Number of protein chains: 2
Amino acid sequence: MGRTEKPKQNTLYVGSLAKGLRLLRAFDESHTELSLSELAARSGLDKSAAQRLANTLHLEGMLEKDATTRRFRPSHAWLGMAYAYYWSDPLVAQAMPKLIELSKLIGETVNMAELSGDHIIYVSRLPCKRTSFAATVIGRRLPALSTSSGRVILSTFPPEERAAAVRDWPLRSYTPHTTLDRSEIVQAVEQAVRDGYAIARSQMLPNEIAIACPIRNPEGRALAAVQASVSALSWSEERIRAEILPALQDTAHAITAKPQR
Amino acid sequence: MGRTEKPKQNTLYVGSLAKGLRLLRAFDESHTELSLSELAARSGLDKSAAQRLANTLHLEGMLEKDATTRRFRPSHAWLGMAYAYYWSDPLVAQAMPKLIELSKLIGETVNMAELSGDHIIYVSRLPCKRTSFAATVIGRRLPALSTSSGRVILSTFPPEERAAAVRDWPLRSYTPHTTLDRSEIVQAVEQAVRDGYAIARSQMLPNEIAIACPIRNPEGRALAAVQASVSALSWSEERIRAEILPALQDTAHAITAKPQR
DNA sequence: GTCAGCGGTATCGTATTATAATACCTTGAC
DNA sequence: GTCAAGGTATTATAATACGATACCGCTGAC
């Protein structure tokens, strides 16, 4: 039960590598640069281990080290990882030109999200309006149930899977209006089943309305979603349905057509 | 002299971790999914090592494994690395809203690049027009000397550094028009010193014109650049100077003002 | 249908290599 | 000047990573 339990006690598991990865994971939105001791504390490793592993990551170009403060930061190599990821994801290359067209057409922020376990992760973001920094950054993971994209992806799953997900997947609050009542989420997902799209209000940011359409594989199951985000101060849901939804559906469907590779 | 030389023979260097990173680096734009043997070949590790390390990366969620083909691919965690990077880079958060404004204003593709050794790396891309996929992806590394951003950053360095860079930094050809003549690059950089901006034609893509302004730190040295890319088919350099340059300079300067953190 | 070859998986004895305790150094506070 | 805290370096120890090899399952040739 201890935090030190090994994922595998077998010889195909290299503990040192796994520990190095724990150091990398110690960095997040609120821990952007870490001293050796902080690194040790956050990764749960002792000082010696943190020292050796951090030093290795530094020599290998994965961590910058400030010569004066002695603190570590993610290096540009972390962006290089995203670069490699993009080439490996067949959806992105196919979607990108269509997302650009869509954003030009509607003049509002367009995102693409993929399901990653019980979260969604933004793989592409085309911000058109000033917004919070977090809303412009690639790689953000959010609880699927709290996002229009996650809900609309889920809506393409068979009923039992939907029920299990709405029951078990995690939720957390981002705004005073984030829905934490699972029965409300059931409603939203079932509405998405009927509509083929999902609209969510103020789930991640106050006064933000998000609308998402699923990107389906040939079997009809969604892998991902295209989503537009607009301000509730300038848009009514009615107008979103009239002016954004059709183009959004076209875009999502165009990505559907040529499914994999 | 062999490829197997250890970066450090000391006890602060954990070889297993470094080898794991070599596996990660085996993935790039033309190697998007790799079998175990390919992984071994590309990383220079033997089959057993590749097996153990790849398995570890898989268990740790860094590599997806296709159940049928047995091939490995980068996981969503690779995007998560970019996410963490963004929060750690003080320039990005500060620049993002201004870049969005700029792209809205000029209606053309806007990028931000940072110097990374002798390359530049794109940290932010706001594509407005259909273009090649490679031109939309963050984390792309390009030889600094071949890009308007790299040249304008270099133009803020003291003369000896400029000379050394133009002499030593790498070059490679991306289009039939990529400049490989270093004396021409000297000209371009010195022009940028005088102008405070740099224009480059067809260096990365045919019929692409890029214009870049430096983002300077308080000492006047550039850390990064803001860059716009337009089609030579619709834009003359004259019109770029008249209609894009002023806004580009404003944006770069605005990011300059509040320098670090 | 058999067989060979290839790639992926699992095992195991060995010693290389990672470990963790500790001592040493630097810095900044008081 | 002393002290504490954090970073750096060293070392003896054995735990852990190693890589040779054997096994298994698939595919294509004949």
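Keep in mind that what you see is a predicted model, and the values were worked out from it rather than measured. Residue numbering restarts at 1 for every chain, and letters A, B, ... go by the order of the sequence lines.
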Under the ring-ring contact (aromatic ring centres under 6.0 Å, His included) rule, collect the residues that match up with A:Phe72, sequence neighbours excluded.
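If we apply the ring-ring contact (aromatic ring centres under 6.0 Å, His included) test to A:Phe72, skipping adjacent residues, there are no hits.
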
Mind checking what makes ring-ring contact (aromatic ring centres under 6.0 Å, His included) contact with A:Tyr86, not counting sequence neighbours?
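So A:Tyr86 forms no ring-ring contact (aromatic ring centres under 6.0 Å, His included) with any residue.
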
For B:Lys19 and D:dA17, is the shortest distance between a side-chain N/O and OP1 or OP2 below 4.0 Å?
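Checking D:dA17 against B:Lys19, no side-chain N or O comes under 4.0 Å of OP1 or OP2.
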
Which pairs would a plain distance check flag for residues 45-54 of chain B, meaning a side-chain donor or acceptor within less than 3.5 Å of a matching protein atom at least two apart in sequence or in another chain?
residue: B:Asp46; atom: OD1; partner: B:Ser48; partner atom: N; Å: 3.1
residue: B:Asp46; atom: OD1; partner: B:Ala49; partner atom: N; Å: 2.8

So, using side chain to side chain donor-acceptor pair (under 3.5 Å) as the criterion, who are the partners of [X] when residues are at least two apart?
| X | result |
| --- | --- |
| A:Glu219 | A:Asn217 |
| B:Glu38 | B:Ser35, B:Arg71 |
| A:Arg162 | A:Glu190 |

Sequence neighbours excluded and cut-off under 3.5 Å, please list the side-chain donor-acceptor pairs for residues 133-142 of chain A, or say none.
residue: A:Thr136; atom: OG1; partner: A:Phe133; partner atom: O; Å: 2.7
residue: A:Arg141; atom: NH1; partner: A:Ser116; partner atom: OG; Å: 3.2

Would you work out how much the helix from C:dG1-D:dC30 to C:dC30-D:dG1 bends between its ends, with each end axis defined by five base pairs, to 10 degrees?
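Taking five pairs per end, the axes differ by 40°.
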
In whole Å, I'd like the distance from the [atom1] atom of [X] to the [atom2] atom of [N].
| X | N | atom1 | atom2 | answer |
| --- | --- | --- | --- | --- |
| B:Leu57 | D:dA17 | CG | P | 13 Å |
| B:Leu53 | D:dA17 | CG | P | 10 Å |
| B:Arg52 | C:dC12 | CZ | C1' | 12 Å |

List the residues meeting side-chain contact (heavy atoms from CB on, under 4.5 Å) with B:Pro143, not counting sequence neighbours, and say none if there are none.
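B:Pro143 satisfies side-chain contact (heavy atoms from CB on, under 4.5 Å) with B:His119, B:Ser146, B:Arg172, B:Tyr174 once adjacent residues are dropped.
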
Output a table of nitrogen or oxygen pairs between the protein and nucleotides 24-27 of chain D separated by less than 3.5 Å.
none

Is the side chain of B:Gln94 donor-acceptor paired with the backbone N or O of B:Ile255 at a distance under 3.5 Å, no angle test?
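Yes; judged by distance alone, with no hydrogens or angles, the pair exists.
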
Enumerate the protein-to-nucleotides 6-12 of chain D contacts in which both atoms are nitrogen or oxygen and the separation is below 3.5 Å.
residue: D:dG7; atom: OP1; partner: A:Leu36; partner atom: N; Å: 3.4
residue: D:dG7; atom: OP2; partner: A:Ser37; partner atom: N; Å: 3.0
residue: D:dG7; atom: OP2; partner: A:Ser37; partner atom: OG; Å: 2.3
residue: D:dG7; atom: N7; partner: A:Lys47; partner atom: NZ; Å: 3.0
residue: D:dG7; atom: O6; partner: A:Lys47; partner atom: NZ; Å: 3.4
residue: D:dT8; atom: OP1; partner: A:Lys65; partner atom: NZ; Å: 3.1
residue: D:dT8; atom: OP1; partner: A:Arg70; partner atom: NH1; Å: 3.1
residue: D:dT8; atom: OP2; partner: A:Lys65; partner atom: NZ; Å: 3.2
residue: D:dA9; atom: N7; partner: A:Gln51; partner atom: OE1; Å: 3.0
residue: D:dA9; atom: N6; partner: A:Gln51; partner atom: NE2; Å: 3.4

Residue pairs fulfilling ring pair (Phe, Tyr, Trp, His ring centres under 6.0 Å) with at least one residue in residues 20-62 of chain A, sequence neighbours excluded:
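For residues 20-62 of chain A: A:Phe27-A:Trp78.
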
